[in-house]
Engineer: 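Dropping a structure here in structure tokens format, bear with me for questions.
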Amino acid sequence: MPRPKRKATDVDSSLCSGPKKSTSKQLDRIDHLFESYTNKSLGLIDPEGIEALCKDVHVDHTDVRMLILAWKMKAEKQGYFSKDEWRRGLKCLGADTLTKLRKAIKGLNQEVMVPECFEGFYSYSFQYCLTEKQRSVDIETICELLNIVLGSEFPSQVKSLIEYLKIQTDYRALTMDHWRNIYRFFKEVSFVDLQSYDSSQAWPVILDNFVEWLKGKEEKN
């Protein structure tokens with residue numbers, strides 16, 4: 001998961017069919033698990049606590065499943081989980097012990113397989129990287145997100161786009177509109193021939209430039 005920044009609002013509301021009913025004992029177990037990772041002075045799970053959690057559930061902090069877990073919690077501050085967020089996520093997952101949480105996290109990829117769910121998660125992943133006053137995310141973080149969120153589904157596209165983003169000098173950060181159109185581009189445009197790319201469809205300029213760059217590379221080969 002990219003390193004701590006701040007904020008995510010207007011999160012997708014369909015993270016699960018609804019919080020699973022829990023008894024007071026189950027809630028106590030969820031709270032006890034929260035306390036085992038909490039920074040006591042903050043009353044939150046902080047980046048150090050998240051690293052400990054990742055170790056205990058056998059998942060790297062850069063694994064997309066940790067970002068999906070944050071989405072399930074509707075976590076607002078990157079690198080931090082509040083008690084309410086923790087309760088929301090673990091109740092939704094039906095996990096009140098470390099063993100159950102470990103099992104639930106291992107299966108989180110399946111949570112976003114439905115297109116409608118993935119689109120909500122995809123938007124959240126961008127929002128999660130925004131600071132309180134930001135409307136755009138820097139290129140370095142965008143490249144990290146692309147690898148984490150889309151790298152397994154669109155490896156060639158992601159590799160090429162990251163290469164382009166790192167050498168271009170027109171944009172220092174991307175907006176949500178850019179981010180959404182990148183996913184649309186990957187879904188709709190054939191790669192590598194680009195025959196289905198139609199510049200008249202009002203693609204963002206950065207994608208027009210990306211396509212021109214790809215064509216230029218192809219001509220040189």
Side-chain angles (χ1 to χ4, degrees), residues 1-8 11-23 25-40 42-129 141 144-155 158 183:
M1 187 156 68
R3 288 299 181 183
K5 291 190 180 178
R6 173 114 175 94
K7 193 192 170 196
V11 181
D12 182 81
S13 60
S14 58
L15 305 188
C16 62
S17 57
K20 297 181 179 180
K21 291 183 178 180
S22 58
T23 65
K25 288 184 178 180
Q26 288 172 325
L27 193 57
D28 286 344
R29 288 193 290 269
I30 289 173
D31 288 350
H32 178 72
L33 199 54
F34 176 81
E35 294 300 329
S36 65
Y37 298 106
T38 302
N39 179 319
K40 300 300 188 276
L42 296 176
L44 301 168
I45 296 177
D46 64 3
E48 186 176 337
I50 289 178
E51 287 191 12
L53 173 64
C54 289
K55 183 177 179 180
D56 287 347
V57 298
H58 310 149
V59 174
D60 191 86
H61 77 275
T62 62
D63 193 297
V64 69
R65 287 171 293 184
M66 292 307 297
L67 189 54
I68 298 172
L69 178 63
W71 174 63
K72 299 288 284 186
M73 293 183 185
K74 300 184 185 179
E76 292 189 0
K77 186 176 181 181
Q78 189 177 357
Y80 296 84
F81 296 147
S82 70
K83 179 176 279 190
D84 285 344
E85 291 166 351
W86 180 264
R87 283 178 169 181
R88 181 187 299 122
L90 268 65
K91 284 170 66 178
C92 191
L93 293 172
D96 59 0
T97 66
L98 182 59
T99 299
K100 290 179 182 178
L101 181 58
R102 186 181 294 129
K103 182 177 180 180
I105 288 176
K106 286 182 178 179
L108 277 179
N109 296 70
Q110 300 301 316
E111 295 285 334
V112 293
M113 292 301 288
V114 178
E116 294 78 11
C117 289
F118 184 82
E119 289 175 9
F121 164 66
Y122 183 76
S123 294
Y124 171 84
S125 68
F126 181 91
Q127 293 172 321
Y128 192 51
C129 292
T141 302
E144 289 183 52
L145 272 182
L146 284 169
N147 261 327
I148 292 170
V149 179
L150 295 177
S152 61
E153 186 176 358
F154 303 100
V158 166
Y183 180 50

Engineer: Side chain to side chain contact (heavy atoms under 4.5 Å, CB included), that's the test. Do K83 and E35 meet it? Break it down for me.
Structural biologist: CA-CA 9 Å; K83 179 176 279 190; E35 294 300 329; 3.5 Å; yes

Engineer: What's the shortest heavy-atom distance between C54 and M66, and which atoms?
Structural biologist: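 Nearest heavy atoms, C54 then M66: SG-CE, 3.6 Å.
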
Engineer: Rounded to the nearest 0.5 Å, how far apart are CH2 of W71 and OH of Y122?
Structural biologist: 15.0 Å

Engineer: Looking only at non-hydrogen atoms, find the nearest pair between Y183 and E119 and report the distance.
Structural biologist: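 Smallest interatomic distance, heavy atoms only, reads CE2-CG, 4.0 Å.
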
Engineer: Please walk me through it: do K91 and L27 pass side chain to side chain contact (heavy atoms under 4.5 Å, CB included)?
Structural biologist: CA-CA 8 Å; K91 284 170 66 178; L27 193 57; 4.3 Å; yes

Engineer: Rounded to the nearest 0.5 Å, what's the gap from CG on L108 to CG on L93? Could you check?
Structural biologist: 5.5 Å

Engineer: CG of D46 to CD of E51: how many Å apart, nearest 0.5 Å?
Structural biologist: 9.0 Å

Engineer: How long is the gap from CG on D84 to CD on E76, to the nearest 0.5 Å?
Structural biologist: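 It comes to 10.5 Å.
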
Engineer: Hey, mind stepping through D56 and R102 against salt bridge (charged side-chain N to carboxylate O under 4.0 Å, His left out) and telling me if it holds?
Structural biologist: CA-CA 8 Å; D56 287 347; R102 186 181 294 129; over 6 Å; no

Engineer: Can you sort out the partners of F154 under ring pair (Phe, Tyr, Trp, His ring centres under 6.0 Å), two or more places apart, ordered by chain and number?
Structural biologist: F186

Engineer: Assess the residue pair L53 and L69 against the criterion (side chain to side chain contact (heavy atoms under 4.5 Å, CB included)); give the C-alpha distance rounded to whole Å, side-chain angles, the decisive distance to 0.1 Å, and a yes or no.
Structural biologist: CA-CA 12 Å; L53 173 64; L69 178 63; 4.3 Å; yes

Engineer: Name all residues meeting the side-chain contact (heavy atoms from CB on, under 4.5 Å) criterion together with L44; count only those two or more places apart in sequence or in a different chain, and write none if there are none.
Structural biologist: L42, Y80, S82

Engineer: Are more than 12 heavy atoms, taken from residues, nucleotides or ligands other than K40, located less than 6.0 Å from that residue's NZ atom?
Structural biologist: yes

Engineer: Knowing that exactly one of R29, R87, K103 qualifies, which makes a salt bridge (Lys or Arg N to Asp or Glu O under 4.0 Å) with D96?
Structural biologist: R29

Engineer: Between OH of Y128 and CG of L145, what distance do you get to the nearest 0.5 Å?
Structural biologist: 11.0 Å

Engineer: Quick check on the 6.0 Å ring-centre criterion: do F81 and Y37 meet it?
Structural biologist: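 Ring centres of Y37 and F81 not closer than 6.0 Å.
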
Engineer: At their closest point, which heavy atom of V149 faces which heavy atom of V64, and how far apart are they?
Structural biologist: CA-CG2, 4.4 Å

Engineer: Using every non-hydrogen atom in the two residues, find where M73 and R88 come nearest and quote the distance to one decimal.
Structural biologist: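 Closest pair (atom of M73, atom of R88, distance): O-NH1, 2.6 Å.
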
Engineer: What are the two closest heavy atoms between I30 and W86, and how far apart are they?
Structural biologist: O-NE1, 3.0 Å

Engineer: Give the intermediate values and the outcome of side chain to side chain contact (heavy atoms under 4.5 Å, CB included) for residues Y124 and I68.
Structural biologist: CA-CA 9 Å; Y124 171 84; I68 298 172; over 6 Å; no

Engineer: Closest heavy-atom contact between E85 and K74?
Structural biologist: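 Taking E85 first and K74 second, the nearest heavy atoms are OE2-O, 3.8 Å.
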
Engineer: Got a donor-acceptor contact below 3.5 angstrom from the S36 side chain to the L33 backbone?
Structural biologist: yes

